[in-house]
Amino acid sequence: MLRTHTCGDLRLSDKDTEATLCGWVDVNRDHGGGVFVDLRDRYGKTQVVFGPESGAELLEAAGRLRSEYVIRVTGVVSQRPQGQANPKLASGEIELRCRSLEVLNKSAPLPFNPGQEELPGEDLRLKHRYLDLRREQMQKNLFLRSRMIKIMRDYFEEQQFIDVETPMLGRSTPEGARDYLVPSRVHNGQFYALPQSPQLYKQILMMAGFDRYVQVARCFRDEDLRADRQPEFTQLDLEMSFVDADDIMHLIDRLMQRLAKDVLGLELKLPLPRMTYDEAMERFGHDAPDLRFGMEIVDCTDLAAKAEFRVFRSVAESGGRVRGIKAEGAATKYSRRLLDDLTEYVKNDFGAKGMAWFRVEKDGTLFSPIAKNFAPELLAEFKQRFDAQPGDLLLFSADTWEVTCKTLNGLRRRLGEELELYEPGQMHFSWVVEFPMFEKLPNEERWTAMHHPFTAPRPQDAAQLATDPSACRAVAYDLIVNGAEAGGGTIRIHDPDAQRQVFELLGIDAETAEERFGFLLDALKFGAPPHGGIALGIDRLVMVFANLDSLRDCIAFPKTQRAADLMTGAPGDVDHDQLRELGVRVVREDEK
RNA sequence: GGGGCCGUAGCUCAAUUGGUUAGAGUACCGGACUGUCGAUCCGGUGGUUGGGGGUUCGAGUCCCCUCGGCCUCGCCA
């Protein structure tokens with residue numbers, strides 16, 4: 001070892017002992033006759049002092065140290081002089097009086113300093129990720145991630161789970177997200193796909209009798225990125241045999257409880273609250289509602305039908321919905337200008353045609369540019385429906401059910417943040433259950449699986465597969481944290497005939513099903529146990545636990561919004577020979 | 001594919017309505033200094049204002065194209 005201690009070790013109790021430290025120069029305070037260096041490693045910082053007793057040579061060498069030089073120092077641990085302790089440092093009562101200094105490596109002038117207060121642009125941080133990762137915050141985030149994964153692994157090991165690795169090179173299936181494809185050299189013109197999740201493999205493991213499987217699995221989806229979405233991400237993937245949905249949810253409940261306790265010292269009350277999909281959409285307009293605050297959606301379609309206001313009445317009469325939310329005390333916080341901004345927002349982002357609003361005045365009357373189109377008695381009914389008080393602001397969406405959901409969910413989230421309706425570190429866990437089995441694609445007639453094609457219908461809905469697929473609910477459950485989907489799972493179909501029936505409904509004919517999923521159908525007929533599981537988004541969980549705004553801050557080497565790695569330059573060109581060997585030819589953008 | 005924000009010194013930012021030689025802090029270089037802890041003080045280097053085109057007597061500022069970063073809609077079983 002090049003060192004006897006880390007920069008986080010030394011305390012007053014080590015006084016008068018000799019120690020050797022290695023680390024990075026955090027700052028160098030040169031007073032001429034004395035030099036103070038804060039030496040940093042992942043464990044902490046320790047002040048190293050060079051004085052006249054160090055000798056002229058050493059003093060001069062210390063003066064030449066610059067930020068991020070990597071050095072090795074040996075000296076005596078000393079108590080700092082009276083009044084010179086630094087309460088900001090854990091090691092602040094002592095300092096290392098340096099006897100020898102070795103520069104292990106210099107640093108060129110830095111693109112940015114890991115210690116600087118203002119964060120540089122994210123492109124720079126990503127390009128010089130090694131510098132960004134030296135920042136205390138980033139180190140904290142990645143340590144937190146590591147701890148959380150350790151807790152998960154321990155938890156599942158205690159419960160007899162077996163960790164099995166599944167292939168990265170698999171087969172492409174057109175269902176779901178766009179695949180990342182890998183050309184095969186041996187099979188000219190054919191491609192592997194990187195896994196979107198280990199879904200089928202883990203089901204096969206159940207059929208193989210492993211009973212309880214878990215994996216920290218990397219997954220890939222070639223879709224556009226968001227602050228909470230990366231093209232490759234990590235799931236805690238698990239599957240169990242002979243279980244029902246309650247078993248899985250209880251298991252995850254207890255895991256979340258342990259994580260919250262061990263990581264944040266928070267006591268989570270169990271069971272975590274559950275809500276059906278239909279209820280979530282009706283009350284919050286979204287299948288992953290942010291339950292850190294209220295502001296629930298209130299339906300007013302019946303009142304709107306009585307209004308002279310044509311927009312409201314025609315929507316109500318044509319089968320649409322008129323719904324609203326109440327922002328308590330927000331009337332004065334949203335000027336006409338800001339309300340216009342909100343209107344633009346819902347038009348641009350959710351395809352809303354507009355946004356109606358009412359302000360409750362001091363005298364209790366409802367003010368709005370459209371108020372004149374409502375009878376006073378009707379306005380009173382609206383007010384009562386919302387239990388609106390002076391100072392409240394009412395926002396309405398009158399449109400199809402889908403658009404009112406999107407619009408009001410968007411408004412609710414935006415207002416929740418802008419009005420600071422929750423604490424920055426607050427966390428709320430819940431389940432949303434009983435998702436529809438299928439949804440119709442906007443421009444197509446056929447059904448598509450809401451979760452995935454292997455999801456089992458609720459037993460009481462199974463008969464409706466043949467008659468009314470839209471009414472069919474799945475044994476599905478999503479874990480919601482602060483309005484984001486942190487995980488989702490289902491009980492799977494374990495009957496080959498039922499699986500064929502679902503494939504058929506999804507427009508996958510028998511031949512195609514046999515070709516793509518034949519192995520699954522085969523496995524199902526050779527003694528498949530009832531089984532189900534869940535996958536948790538580890539990145540998102542860490543993001544919430546660390547109270548971060550971006551997933552990229554808890555991933556060591558994330559990609560940009562255009563899915564590029566600015567440090568390595570991936571994706572990049574490859575040799576022509578490589579392409580030829582693979583039988584791949586690149587078609588330029590303008591030739592498509 | 002659509003909407004929005006941003007790009008000025010290595011870094012973080014400023015620059016009046018379009019108007020003289022584009023500034024500051026920090027980093028870097030040189031010097032001074034024994035108790036600092038964002039050390040301080042003095043001096044200095046550092047710019048194709050992301051790139052290209054246009055409007056104008058004159059463009060960091062206005063317009064078009066383009067590159068890059070971020071947020072978002074679509075998309076993400």
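In what follows, every chain begins at residue 1, and chains take the letters A, B, ... in the order their sequences are listed.
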Give every pair of a protein N or O atom and an N or O atom of nucleotides 43-46 of chain B that lie under 3.5 Å apart, one pair per line with the distance.
none

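- Along RNA chain B, the nucleotide nearest to A:G33 and the one nearest to A:A564 differ in position, and the one closer to the 5' end is contacted by A:G33.
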Below 3.5 Å is the cut-off: list the nitrogen or oxygen pairs between protein and nucleotides 2-4 of chain B, distance only.
none

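- No engagement by A:E68 is indicated, since no non-hydrogen atom pair under 4.0 Å with the nucleic acid exists.
- Mapped onto RNA chain B by nearest heavy atom, A:P109 and A:K406 fall at different nucleotides, with A:P109 at the one closer to the 5' end.
- With sequence neighbours excluded, the residues forming a side chain to side chain donor-acceptor pair (under 3.5 Å) with A:R29 are A:D38, A:Q47, listed by chain and number.
- In this structure, of B:C75, B:G35, B:C70, it is B:C75 that holds the atom nearest to the side chain of A:E223.
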For residues 57-64 of chain A, which side-chain N or O atoms pair as donor and acceptor with protein atoms under 3.5 Å away, sequence neighbours left out?
| from | atom 1 | to | atom 2 | distance (Å) |
| --- | --- | --- | --- | --- |
| A:E60 | OE2 | A:R64 | NH1 | 3.1 |

query = Could you run down nucleotides 8-15 of chain B 5' to 3' and tag each one B, S or - for protein heavy-atom contact under 4.0 Å?
reply = --SSS---

key: ring-ring contact (aromatic ring centres under 6.0 Å, His included) evaluation trace for A:H452 with A:F454   = CA-CA 6 Å; A:H452 58 54; A:F454 320 108; 5.3 Å; yes

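- As judged by a 4.0 angstrom heavy-atom cut-off over every strand, A:T455 is placed among residues making no nucleic acid contact.
- RNA chain B is contacted by A:V27, A:R29, A:D30, A:H31, A:G32 of residues 23-32 of chain A, taking any non-hydrogen atom closer than 4.0 Å.
- Between the base of B:G74 and the side chain of A:D224 there is a donor-acceptor pair shorter than 3.5 Å.
- Looking at A:R226, its side chain comes within 3.5 Å of the base of B:G74 through a donor and an acceptor atom.
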